[in-house]
Participant: 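Structure below; questions to follow.
Side chains are part of it too, since the values below use all heavy atoms of this structure and drop only hydrogens, waters and symmetry mates.
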Amino acid sequence: MARETVGRRPAPLQRLRADSTGLPAATAPAAAPSTMAPPERFVLDSAHVGDIQGAFGTIRLDEPGRRSLRARTLALLAIIGPGLIVMVGDNDAGGVATYSQAGQNYGTSLLWVLLLLIPVLIVNQEMVVRLGAVTGVGHARLINERFGRFWGWFSVGDLFLLNFLTIVTEFIGVSLALGYFGVSKYLAVPIAAVLLVAITSTGSFRAWERGMFVFVFANLLVIPLFFMSHPSWSNVATHFVVPGIRGGANSTSVLLIIAIVGTTVAPWQLFFQQSNVIDKRITPRWINYERLDTWIGAFIVVVGAAALIAISAFAFQGTRYFGSFTDAGGTARALAHTIGSVAGPFFALVLLNASMIGAGALTLSTSYAFGDVFGTKSSLHRSWRDAKTFYMMFAGLVLGGAAIVLIPGAPLGVITEAVQALAGVLLPSASVFLLLLCNDREVLGPWANPSWLNALASVIIGILVLLSLILMATTVFPTIDVTQFALIGGAVLAVVLAGFGLYLIRPGRRAADRSYPRADLPKEQWTMAPLTLLARPQWSTGRKVAMLTLRGYLVVSVILLVVKAIQLSGG
């Protein structure tokens, strides 16, 4: 196996390939890239090279290409996981509460928002799939190396804070879910925390993934709940494709739409899936399978979210509960009164399941990110003894988040509000870095974004940035006119996107963008060279100004959020 360099400073990247025995072996950099016959990949941890050991199958490192339909199906079963887990994990406790609130207060009129989110999820997560498979380097490490240490530390620091606060909300969900069954939170929350640590620290990637799939399959409990609510299929179909807001657009409804987007598209997803793809040992030859995994996950998560909206919409229409959302625990109790005694426990189990998979996935994204930056061993293939820092980070976050929920008088309401606002602050930088990395030819070479994807991603990121600005502004200035702010922001966004489009199609740019190192290699064999050997990115004046503006926005926003949190805590 390749020698590892682990310590306080980031470890150097290593080139690993399959030798004649099929085992990973370290090699020196090739003098002539065009002579490389076997695919090579640079990784931070030798545990990231070897057989793909998925929940439903294994793909050997030296296995030949699969041609038959049966063989390809078996390959997909072995690879499926990172995309499905990251998507279902994003329908966490906050997601269950948000979707239930949408249905209980607005019926099925907001289902169209979910349909629009499918391309957003697919575009964002497909980009990190390529980054993970081609580079062998996590998202945090790439940001640190290509944009500087400030952005690397900022991205990891903010991810840590956001994920920790979100973990607290997940355990609030656990306490509400098991509280429905009369279980004290002082018993429910510690047991849930210990279970998450036990599932993650087995030292087996396959065992962890199978544990996560238990939560994924438990998501199917929304199906019987959906039919118990006696849905109107015509209403569901109509509101999926015809935009509208029951009662008309106002500040409350616009903010709920933003909350739906925010709970479905989160920064931690980018860090998690890229690192999980690497940890699962998925290389460029399997990218299309992982893309399919991601697409399946995107559709499943939207269907699950739509079911939750529909359940509340049809169960509460015409009752005293309609328009009176309190929290997810209140929804469970209300369902027991409106559609039967079985519905309440089912919904509580859905909430519990969502809280557990959400906490497990987003906590792991933080452990991966810290391993990227500090160069420590970060792999689910390693035992606790072999990767103490990785697992201790995971356990510390989980147990710390659980402990806060158990503190009498803890400002849980402030924490829940801070999670949404901080996610809004993080989203612009995470989205911008993702797009820039996927256009870095030194990093992705022939796998870099095509022009049409850049155009689509730019529109998506522009809309996400606008929504995050609205959420941030309303958090700090609650009396602001959200509708007017959104209209003005939309007009400015249209002008900015038009200018950006003209910049992209200017003469001479397309030819310059097609050049990349080792262009003579076949695409399926092209992987990123060690980061230390990459040419430094050239920063134009426009990019420097844009990055300084983004830095200023983030600094000011964080300061305002801290002030707001202090005010709320004092109130």
Side-chain angles (χ1 to χ4, degrees), residues 52-59 66 68-92 95-96 99 111 113-133 205-206 208-223 226 240 263-266 268-310 350 353-354 357-358 360-362 364-365 453 456-457 460:
I52 296 175
Q53 299 173 345
F56 306 113
T58 299
I59 299 176
R66 302 190 174 203
S68 68
L69 177 60
R70 179 180 180 277
R72 293 187 179 193
T73 302
L74 291 175
L76 176 61
L77 288 174
I79 289 171
I80 197 168
L84 194 56
I85 292 169
V86 74
M87 295 295 185
V88 176
D90 205 43
N91 270 4
D92 58 357
V96 171
Y99 303 138
L111 284 175
V113 178
L114 297 177
L115 188 63
L116 294 178
L117 289 178
I118 292 178
V120 176
L121 289 168
I122 289 176
V123 167
N124 276 358
Q125 297 307 125
E126 189 277 336
M127 286 193 280
V128 295
V129 166
R130 278 182 284 127
L131 283 172
F205 187 98
R206 170 172 288 165
W208 168 82
E209 194 169 72
R210 285 176 174 172
M212 289 296 102
F213 267 108
V214 170
F215 296 128
V216 170
F217 291 137
N219 233 22
L220 298 176
L221 286 173
V222 299
I223 295 176
F226 175 75
F240 244 124
T263 197
T264 311
V265 184
W268 71 265
Q269 293 175 277
L270 309 179
F271 292 83
F272 172 84
Q273 190 169 3
Q274 185 166 332
S275 292
N276 202 238
V277 162
I278 296 166
D279 203 9
K280 193 163 184 179
R281 302 165 176 172
I282 295 172
T283 56
R285 68 184 295 205
W286 307 110
I287 277 181
N288 285 338
Y289 291 88
E290 181 52 28
R291 281 171 171 158
L292 184 55
D293 174 31
T294 303
W295 297 342
I296 293 171
F299 280 97
I300 287 178
V301 76
V302 167
V303 169
L308 287 168
I309 291 177
V350 168
N353 177 73
I357 191 171
L362 69 91
L364 191 57
S365 74
L453 183 55
L456 179 57
I460 289 172

Participant: Charged N to carboxylate O under 4.0 angstrom, Lys280 versus Glu209?
Facilitator: yes

Participant: Roughly how far, to the nearest 0.5 Å, is CG of Leu131 from CD of Glu126?
Facilitator: 9.0 Å

Participant: Roughly how far, to the nearest 0.5 Å, is the CG atom of Leu84 from the CG atom of Asn219?
Facilitator: 9.0 Å

Participant: Mind listing the closest non-hydrogen atom pair of Gly81 and Asp293 along with its distance?
Facilitator: N-OD2, 3.1 Å

Participant: If you look at every heavy atom in Ala78 and Ile52, which pair is closest and at what distance?
Facilitator: O-CG2, 4.1 Å

Participant: Using side-chain heavy atoms (C-beta onward) and a distance below 4.5 Å, is Met127 in contact with Val123?
Facilitator: yes

Participant: Return the minimal non-hydrogen interatomic distance between Val301 and Met87, and the atom names on each side.
Facilitator: CG2-O, 3.1 Å

Participant: Is there side-chain contact between Val216 and Ile300, with at least one heavy-atom pair below 4.5 Å?
Facilitator: no

Participant: Can you name the nearest heavy-atom pair linking Phe272 to Ala361, along with the distance?
Facilitator: CD1-O, 3.3 Å

Participant: To the nearest 0.5 Å, how far apart are CG in Asn353 and CG in Leu221?
Facilitator: 7.0 Å

Participant: Output the distance between atom CG (Leu74) and atom CD1 (Ile79), rounded to the nearest 0.5 Å.
Facilitator: 11.0 Å

Participant: List the atom of Val96, the atom of Asn91, and the distance in Å for their closest heavy-atom pair.
Facilitator: CG2-O, 4.4 Å

Participant: Would you please test Val88 and Ile357 for side chain to side chain contact (heavy atoms under 4.5 Å, CB included) and show each step?
Facilitator: CA-CA 8 Å; Val88 176; Ile357 191 171; 4.0 Å; yes

Participant: Within a strict 4.5 Å, meaning less than it, do heavy atoms of the Thr73 and Leu69 side chains meet?
Facilitator: yes

Participant: Please report the interatomic distance CD1(Ile309) to CG(Leu114), rounded to the nearest 0.5 Å.
Facilitator: 4.5 Å

Participant: Could you go step by step and tell me if Ile85 and Phe215 meet the side chain to side chain contact (heavy atoms under 4.5 Å, CB included) rule?
Facilitator: CA-CA 9 Å; Ile85 292 169; Phe215 296 128; over 6 Å; no

Participant: Answer yes or no: is there a side-chain heavy-atom contact under 4.5 Å between Gln269 and Leu121?
Facilitator: yes

Participant: I need the Ile118 CD1 to Trp295 CH2 distance, nearest 0.5 Å.
Facilitator: 13.5 Å

Participant: Between Leu76 and Leu292, is there a side-chain heavy-atom distance shorter than 4.5 Å?
Facilitator: yes

Participant: Go through the steps for Trp208 and Phe205 under the test ring-ring contact (aromatic ring centres under 6.0 Å, His included), then give the verdict.
Facilitator: CA-CA 5 Å; Trp208 168 82; Phe205 187 98; 5.5 Å; yes

Participant: Show your reasoning for whether side chain to side chain contact (heavy atoms under 4.5 Å, CB included) applies to Arg210 and Val214.
Facilitator: CA-CA 6 Å; Arg210 285 176 174 172; Val214 170; over 6 Å; no

Participant: In the structure I gave you, are the side-chain heavy atoms of Ile282 and Tyr289 within less than 4.5 Å of one another anywhere?
Facilitator: no

Participant: Looking at side-chain heavy atoms only, is the closest gap between Leu270 and Asn124 below 4.5 Å?
Facilitator: yes

Participant: Is a side-chain N or O of Arg206 found less than 3.5 angstrom from the main chain of Ala55, in a donor-acceptor match?
Facilitator: no

Participant: Walk me through it: do Ile80 and Phe56 pass the test side chain to side chain contact (heavy atoms under 4.5 Å, CB included)?
Facilitator: CA-CA 8 Å; Ile80 197 168; Phe56 306 113; 4.1 Å; yes

Participant: Examine distances only and state if a side-chain atom of Glu290 and a backbone atom of Gly83 form a donor-acceptor pair shorter than 3.5 Å.
Facilitator: yes

Participant: State, to 0.1 Å, how close Ala133 and Pro284 come at their nearest heavy-atom pair, and which atoms those are.
Facilitator: O-CD, 3.2 Å

Participant: Going by heavy atoms in the side chains, are Ile59 and Arg281 under 4.5 Å from each other?
Facilitator: no

